[in-house]
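First the structure, in the form of structure tokens, and then the observations on it.
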Amino acid sequence: MRRRDRRGNPQGTRADRAPQSPIFGDLSGLPPLLLAAGSAEALLDDTLRFAEAATAAEIKTQVDVYEGLPHAFTIATLDDATDVSEVVRDRIATWVNAT
């Protein structure tokens with residue numbers, strides 16, 4: 001059995017050759033993507049790189065960045081009765097109806 005690095009890749013495998021990577025893997029066949037991230041998101045750069053990769057794979061992709069919000073803000077806001085939750089729910093509904 002091959003040993004794996006901390007990311008789960010077989011040791012010696014370059015990250016840009018890892019087929020399970022959402023950034024470097026095969027994205028063909030994905031449906032249209034709506035990606036929501038907060039500007040305080042720790043993984044914002046990865047979200048943007050994934051969007052670039054999906055667009056390059058000819059996947060219809062839209063990225064919405066919400067000012068000042070952190071990682072996984074959508075989970076915390078979807079059940080709330082706040083302005084942010086209303087904006088996010090409306091955006092998702094608009095996206096679903098348009099695709």
Side-chain angles (χ1 to χ4, degrees):
M1 183 169 165
R2 291 182 72 180
R3 296 182 59 96
R4 297 186 177 275
D5 67 15
R6 64 183 173 80
R7 292 186 186 106
N9 300 326
Q11 284 189 338
T13 302
R14 292 177 26 186
D16 64 348
R17 300 282 188 240
Q20 73 277 16
S21 167
I23 295 173
F24 302 113
D26 179 10
L27 304 180
S28 62
L30 286 179
L33 300 171
L34 172 61
L35 306 172
S39 65
E41 164 68 65
L43 302 173
L44 179 57
D45 290 342
D46 287 340
T47 301
L48 298 175
R49 288 192 338 218
F50 177 69
E52 289 175 9
T55 299
E58 299 183 0
I59 306 300
K60 179 182 176 185
T61 306
Q62 175 68 44
V63 179
D64 291 350
V65 178
Y66 294 84
E67 188 62 38
L69 295 176
H71 179 70
F73 78 92
T74 54
I75 294 169
T77 62
L78 286 179
D79 287 336
D80 293 344
T82 64
D83 291 341
V84 171
S85 64
E86 187 174 329
V87 168
V88 171
R89 283 193 303 266
D90 287 349
R91 178 65 180 115
I92 292 169
T94 300
W95 173 263
V96 168
N97 290 329
T99 54

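All values derive from a computational prediction rather than experimental measurement.
At a threshold of 4.5 Å between side-chain heavy atoms, the hydrophobic network of Ile, Leu, Val, Met, Phe, Trp and Tyr places L33 and V65 in one connected group. Under a hydrophobic-cluster definition in which Ile, Leu, Val, Met, Phe, Trp and Tyr are linked whenever side-chain heavy atoms come within less than 4.5 Å, directly or via other members, L43 and I75 are assigned to different clusters.
Considering CG of L48 and CD1 of I23, their distance stands at 10.0 Å, rounded to 0.5 Å. Note that the CD atom of Q62 and the OG1 atom of T55 stand 9.0 Å from one another [nearest 0.5 Å].
Of all heavy-atom pairs spanning A98 and K60, the tightest one is O-NZ, 4.4 Å. Across all their heavy atoms, F73 and A37 have their closest contact at CE2-C, 3.6 Å. Taking each heavy atom of L27 and P22 in turn, the nearest pair found is CD2-O, 3.6 Å. The two residues E41 and A72 come nearest to each other via the heavy atoms OE1-N, 3.8 Å. Here the shortest heavy-atom pairing between L30 and I59 reads O-CD1, 3.5 Å. Taking both residues in full, the closest heavy atoms of L35 and A51 are given as CD1-CB, 3.9 Å, listed atom of the first, atom of the second, then distance.
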**Chi angles and distances behind the side-chain contact (heavy atoms from CB on, under 4.5 Å) call for W95, D64** = CA-CA 11 Å; W95 173 263; D64 291 350; over 6 Å; no

**Message:** Please determine whether side-chain contact (heavy atoms from CB on, under 4.5 Å) holds for the pair I92 and R89, giving the CA-CA distance in whole Å, both sets of side-chain angles, and the decisive distance to 0.1 Å.
**Reply:** CA-CA 5 Å; I92 292 169; R89 283 193 303 266; 5.8 Å; no

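Within 6.0 Å of atom CG in D90, more than 12 heavy atoms from other residues, nucleotides or ligands are found, so the atom counts as buried in its surroundings.
Considering only residues two or more places apart in sequence or on other chains, F50 meets the ring-ring contact (aromatic ring centres under 6.0 Å, His included) condition with none of them.
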